[in-house]
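Chain letters run A, B, ... following the sequence lines, proteins first, then strands; residues in each count from 1.
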Amino acid sequence: MPKDSGIGASSKRREDVRFLTGAGNYTDDINVHGQAYVHFLRSDIAHGRIKSIDTSTAEAMPGVVKVFTGKDFEGVGGMPCGWEVTDKHGAPMQEPPHPILAQGKVRHVGDPIAAVVADSLEQARDAAEAIDLDIEELPAVIDMKAAAQDGATLVHDDLKNNICYDWQLGETDDAKVDEVFANAAHVTTLDLVNNRLVANPMEPRVAVGEYKRGTDEYTLYTTSQNPHVIRLLMCAFVLGLPEHKVRVVAPDVGGGFGTKIFHYAEEAFCTFAAKACGRPVKWTSSRSEAFMSDAHGRDHVSKIELALDADNNFIGLRTNTFANLGAYLSTFSSSVPTWLHGTLMAGNYKTPVIQVNVKAMFTNTVPVDAYRGAGRPEATFQLERVVDKAARELGVDPIALRRQNFVTQFPYDTPVALTYDTGDYNGTMDKLEAAADLAGFAARRTQSEAKGKLRGLGINCYIEACGIAPSNIVGMLGARAGLYDAATVRVNATGSISVMVGAHSHGQGHETAFPQVVADMIGIDESLVEIVHGDTSKIPFGMGTYGSRSLAVCGSAMVKATEKVIEKAKKIAAHLLEASEADIELKDGQFSVAGTDKSVAWGDVTLTAYVPHNFPLEVEPGLEETAFYDPANFTFPAGAYACEVEVDPDTGQVSIEKFTAADDFGNIINPMIVDGQVHGGIGQGIGQALLENCAYDANGQLLSASYMDYAMPRADDVPFYGVDHSSQTPCTHNPLGVKGCGEAGAIGSPPAVVNAVLDALNSGGKAVDHIDMPMSPSRVWSAMNS
Amino acid sequence: MKISMTVNGKAVSGDVEGRTLLSGFLREHLSLTGTHVGCDTAQCGACVVHVNGEAVKSCNMLAAEADGADVGTIEGQANADGSLNVIQQAFQDHHGLQCGFCTPGMVMSAAALLKENPRPTEAEIRKYLEGNLCRCTGYHNIVKAIMAASGQDVSSIAAE
């Protein structure tokens, strides 16, 4: 029987009511009395040297408060990068400055050159058009392999070349890797592209900066997944402000998908300009502006080689990847192609020798950083495509080949630095085979063929590493931040509870799921527990929400704090019941003395905590506890996906006919929300596989800068999805046994779609090894007819 | 210029520039911030409102064009007693929203669809929602919620 409340219940989301009635409070809904508006003048060329900027005409235009250029920010820091990667020779990555407004050069289309603050947005826009720019256009560096050549034009004149780092993970002895491949019975090789994407949360970014002269305090309202991280970076590295004088609020946020993790120049600008202009300053991104200023995702070009022995065991894996970082280092960009990517190359398989090589490149494009999955989709795509190709070359069943090579003993130390604590890949594959009705595929193919369509089945397995941790390890790997989280459980006198959490909800339903945990632990109604998040003045110092970490990391902190609360409440209950603390049991909101009928209700204990007339002298009044939690390891969700497509042989049009996901997320708090997370991830993965592509021309012009040109998945591009998460191996090292579910769909689905299309073509007599994403009709048709 | 119209049954007026969009008038002049703006090319549909009973992208219509019109927004959709209407309730029951940003437009489009087609098929719903983008849900639970709101049995559709 499904539960109707607490852990394991599909409780309906309480936050929905405000969103469904137009009562949400998104950043653009916030207007501060007296606010001015900023418009950024952005570069319309990819690369150029700024010779002069004349703002005098603009400054004299109606309503203009002030015009800023890079010169106004020479005294403050640039946008920082939060992860220092060390290259394979032991040298630190090349780390060029990233100014708030361009200084000396513009380095991508969209690079902000000047900012006009005016009484109205229209006046700011009008005045920006009157700024006289003299910029000498330089050759654009776009192609990553060309950018790596000696003598290539430099994106940053002060760097020795365009290579941020040349990184390696796994086997360092090239000769040993060569030997594995030389002795292999079969080697499968694949060159592939992981297409550049734009995260595109439906809410564009917004920032409102406010400064109070009387108290010397700043408030920044911003569309962020992690307000404390923004405050720390902005105060310590960019503007040099005292943290205790700065409040960062991320209210209702309309989706993030990674791209709202990062500290952006516009946030620092609005904070700085609020003081400089003597009035609040608001910036609202247009969608077109978002395409050229939000950090992009993916954009890898890779060669992967898989070595197998005569029995089809995987014996070696080698990858060589060019990863695009864009023109500047965004906040966590350097970690994505390295520690969030190379570490996942073992996948679900016990390949003994793995070598991962990554060259990260500066180019004249928008910075690239984490997007849903962040490095893990790129790893999974390479691995699962080459495994599928190997199965086809060897004429073996792709599921059987995968099963044969699965890791089956846990814990398992991979050759690429991770220790998987638990999993059951065969069990999850069993679930997939049943849920996807793979036994019925042949009949469905026959039906498709009767309609003149080619039908294909694509299988994919994935493993991901979530809840990135522990802080001491990531620190050794170059992270410049800790990766713990925090929660404060504040019990009110009448028994209701406010839980202040460092995690941030921008669609994930924390306001519903987190109370399920606390209420379940105490045995009270969920409605008595409220979650507070997104405001540095209200919550403990937490690291926010990304990397599917909220429940595994912040949820663990919340459990620890609740345990402390219960421990103290038991002392009070013991006093009231005149019993020993060791004999007190808490069940269904009642403290009772074991083996007796004596009990006292939760609400009586909480009232006593704040009205301590009859109270144990050795205990402090009040009932409020904080816990910080730093995980012992990553969590390792894993799954198996099946996609069935129909391909129209006349047009190359692909349609997704059936999509089934079997995931092992460990324990699950709210199945409805978990299913929804998987649905959304699959939708984005299908988008990547079939539709989405962020395209630049050779001159660095962004060709896909609006929804007219960037093909977002729409309702009629996708089917209903089947989701099964009954395969559950609980995480072994966090108190809830949870693993994280936010990114799985986006990681697991693109290779499943591509594998399905290739199965359709090859089964239909078209020998095609690979088609790059997005698999548009023209690409599929061309592959079929080449 | 001065304009007046009825919004959610209430007479309103305002002084706007010729270039003021209906979305801007609703959000900035009337503080009806439930209508969202998610793009600048009339693609995303977060700004859908009803103008004289028709679903309209309010970012693509001048406020002046709505002079004298009867406008409905998300703020006016709940039942008279404040409870969620059938469509809103179905979205909550079936987890048809996550971040909530596209939701007002989805609800307004769904209402317009069900008015002209009270029992749409899955395919008809998906086709109708071509002008409404959602990045969170993969559309699964939105389509399911609209089917449920139209009185169709959705119990055989996998997963809540």
Side-chain angles (χ1 to χ4, degrees), chain A residues 10 12-13 15-26 28-29 31 122 199-204 252-257 284 286-288 435 506-509 671-673 675-684 686 706-708 712-723 745, chain B residues 17 19 27-28 31-41 43-44 46 73-78 82 84 87-89 91-104 107 122-123 125-144 157-160:
Chain A
S10 285
K12 297 194 192 321
R13 297 200 332 165
E15 50 268 69
D16 288 358
V17 176
R18 68 175 188 272
F19 297 144
L20 282 161
T21 55
N25 183 37
Y26 298 88
D28 194 41
D29 302 340
N31 293 296
E122 290 76 13
N200 272 307
M202 292 316 302
E203 178 204 33
D252 288 330
V253 172
F257 315 115
T284 301
S286 68
R287 181 59 60 185
S288 303
H506 34 279
Q508 296 87 342
M672 175 191 81
I673 289 175
D675 287 351
Q677 290 292 308
V678 176
H679 295 161
I682 295 171
Q684 293 184 8
I686 290 173
S706 82
Y707 288 152
M708 307 289 277
M712 292 277 279
R714 292 167 195 265
D716 60 355
D717 293 316
V718 295
F720 282 129
Y721 319 106
V723 178
Chain B
E17 288 188 68
R19 60 184 167 181
R27 288 182 56 79
E28 283 143 37
S31 296
L32 293 171
T33 53
T35 297
H36 295 153
V37 178
C39 75
D40 43 16
T41 51
Q43 295 280 309
C44 85
T73 74
I74 189 70
E75 287 90 346
Q77 291 296 297
L84 300 179
I87 295 170
Q88 292 167 320
Q89 189 61 56
F91 269 69
Q92 186 187 32
D93 289 346
H94 298 282
H95 192 24
L97 64 153
Q98 293 183 23
C99 82
F101 196 81
C102 77
T103 307
V107 170
E122 177 200 343
I125 294 169
R126 291 184 183 278
K127 183 78 182 161
Y128 192 87
L129 292 182
E130 273 195 330
N132 288 82
L133 294 176
C134 170
R135 195 58 155 167
C136 292
T137 64
Y139 301 101
H140 181 110
N141 283 335
I142 291 175
V143 176
K144 190 175 172 184
I157 298 168
E160 277 293 330

Out of [options], which one racks up the most heavy-atom pairs below 4.5 Å with chain A?
| options | value |
| --- | --- |
| B:E28, B:R27, B:E75, B:Q89 | B:R27 |
| B:G100, B:G38, B:G34 | B:G38 |
| B:L133, B:I74, B:T41 | B:L133 |

Hey, which of [options] has the most heavy atom pairs under 4.5 Å with chain B?
| options | result |
| --- | --- |
| A:A23, A:G683, A:G745, A:P204 | A:P204 |
| A:A435, A:G509, A:G681, A:S288 | A:S288 |
| A:D29, A:T284, A:I686, A:N31 | A:D29 |
| A:P713, A:G256, A:P201 | A:P713 |
| A:Q677, A:Q684, A:R18, A:R13 | A:R13 |

#### Entry: Engaged part of B:Q77 at the chain A interface, taking heavy atoms whose separation is under 4.5 Å
neither

### Query
Going by the angle between their ring planes, with limits at 30° and 60°, are B:H140 and A:H679 parallel, tilted or perpendicular?
parallel

### Task
Could you tell me how the ring of A:Y26 sits relative to the ring of B:F101: parallel (under 30°), tilted (30 to 60°) or perpendicular (over 60°)?
perpendicular

Region of [X] in contact with chain B, defined by heavy-atom distances below 4.5 Å:
| X | value |
| --- | --- |
| A:E15 | neither |
| A:A199 | backbone |
| A:S706 | side chain |
| A:Y707 | both |
| A:V253 | backbone |
| A:D28 | both |
| A:E122 | both |

### Query
Applying salt bridge (charged side-chain N to carboxylate O under 4.0 Å, His left out), which residue pairs with at least one partner in residues 128-138 of chain B are found, sequence neighbours left out?
A:E692-B:R135, B:K127-B:E130

Using only atom types and a distance under 3.5 Å, with no angle test, would you say the side chain of [X] pairs donor to acceptor with the backbone of [Y]?
| X | Y | value |
| --- | --- | --- |
| A:D252 | A:N25 | yes |
| B:R126 | A:V718 | yes |
| A:D16 | B:F91 | no |
| B:Y139 | B:C134 | yes |
| B:Q98 | A:G676 | yes |

### Message
Any non-hydrogen side-chain atom of A:R714 less than 4.5 Å from a side-chain atom of A:D717?
### Response
yes

### Summary
Taking every heavy atom of A:H506 against every heavy atom of A:Q508, the minimum-distance pair comes out as N-OE1, 2.6 Å

